[in-house]
Amino acid sequence: MERLHTLERALAVLVCTFQRYCQREGHRNTLSKEQLRALLEKELPSLQMVESPPFQLMGLLDTNKDNQVDFEEYIRFITAACTFFHDFFQDSPAVQPRVP
């Protein structure tokens, strides 16, 4: 198999992370409140949700109000997180972080 490029790997990680948390319980293609909480705590610990706990965030992400976060809603959140990180690191050197 051909080696994936950096951006291809990043996209694969975003998709696979969503799928891994979806498959823990319930619907295969959506995140429940608990699955969203687990994803945020484990995968984004640096974004401590002090002002917006996962259950409040669920209300913002769940635009179709089905009490689940589907892939489209998840990607909107990822887009907002990427924008936040872009703004936060805008004056930093363009060096990829090392993965432990």
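The structure displayed is predicted, hence computed values, not measured ones.
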Hits for side-chain contact (heavy atoms from CB on, under 4.5 Å) against Ala80, two or more places apart or cross-chain, chain-then-number order -> none
Contacts satisfying salt bridge (Lys or Arg N to Asp or Glu O under 4.0 Å) that involve residues 13-23 (not counting sequence neighbours) are Arg20-Glu43
When every non-hydrogen atom of Asn67 is compared with those of Met58, the smallest separation belongs to O-CE, 3.3 Å
side-chain contact (heavy atoms from CB on, under 4.5 Å) filter on Phe71, not counting sequence neighbours, yields Val15, Phe18, Tyr74, Ile75
Sorted by chain and residue number, the side-chain contact (heavy atoms from CB on, under 4.5 Å) partners of Asp66 (sequence neighbours excluded) come out as Asp62, Asn64, Gln68
pair Thr6-Arg9: side-chain heavy atoms closer than 4.5 Å: yes
Handout entry: Within-4.5 Å side-chain heavy-atom neighbours: Phe77 and Leu44
Key = yes
**Q.** Main-chain N/O of Cys16 paired with Gln19 side-chain donor or acceptor, under 3.5 Å
**A.** no
Interatomic distance, CG@Leu31 vs CZ@Arg37, rounded to 0.5 Å, equals 12.5 Å
_Just checking Lys65: does its NZ atom have more than 12 heavy atoms from other residues, nucleotides or ligands closer to it than 6.0 angstrom?_
yes
query = Would you find a donor on one side and an acceptor on the other, under 3.5 Å apart, between the side chain of Gln35 and the backbone of Tyr21?
reply = yes
Taken to the nearest 0.5 Å, the spacing of Cys22 SG from Leu36 CG works out to 10.0 Å
(Q) Quick one, Thr30 with Val69, criterion side chain to side chain contact (heavy atoms under 4.5 Å, CB included). Give me CA distance, side-chain angles, the key distance, then yes/no. (A) CA-CA 5 Å; Thr30 59; Val69 173; over 6 Å; no
So salt bridge (Lys or Arg N to Asp or Glu O under 4.0 Å) across residues 70-83, not counting sequence neighbours, yields Glu72-Arg76
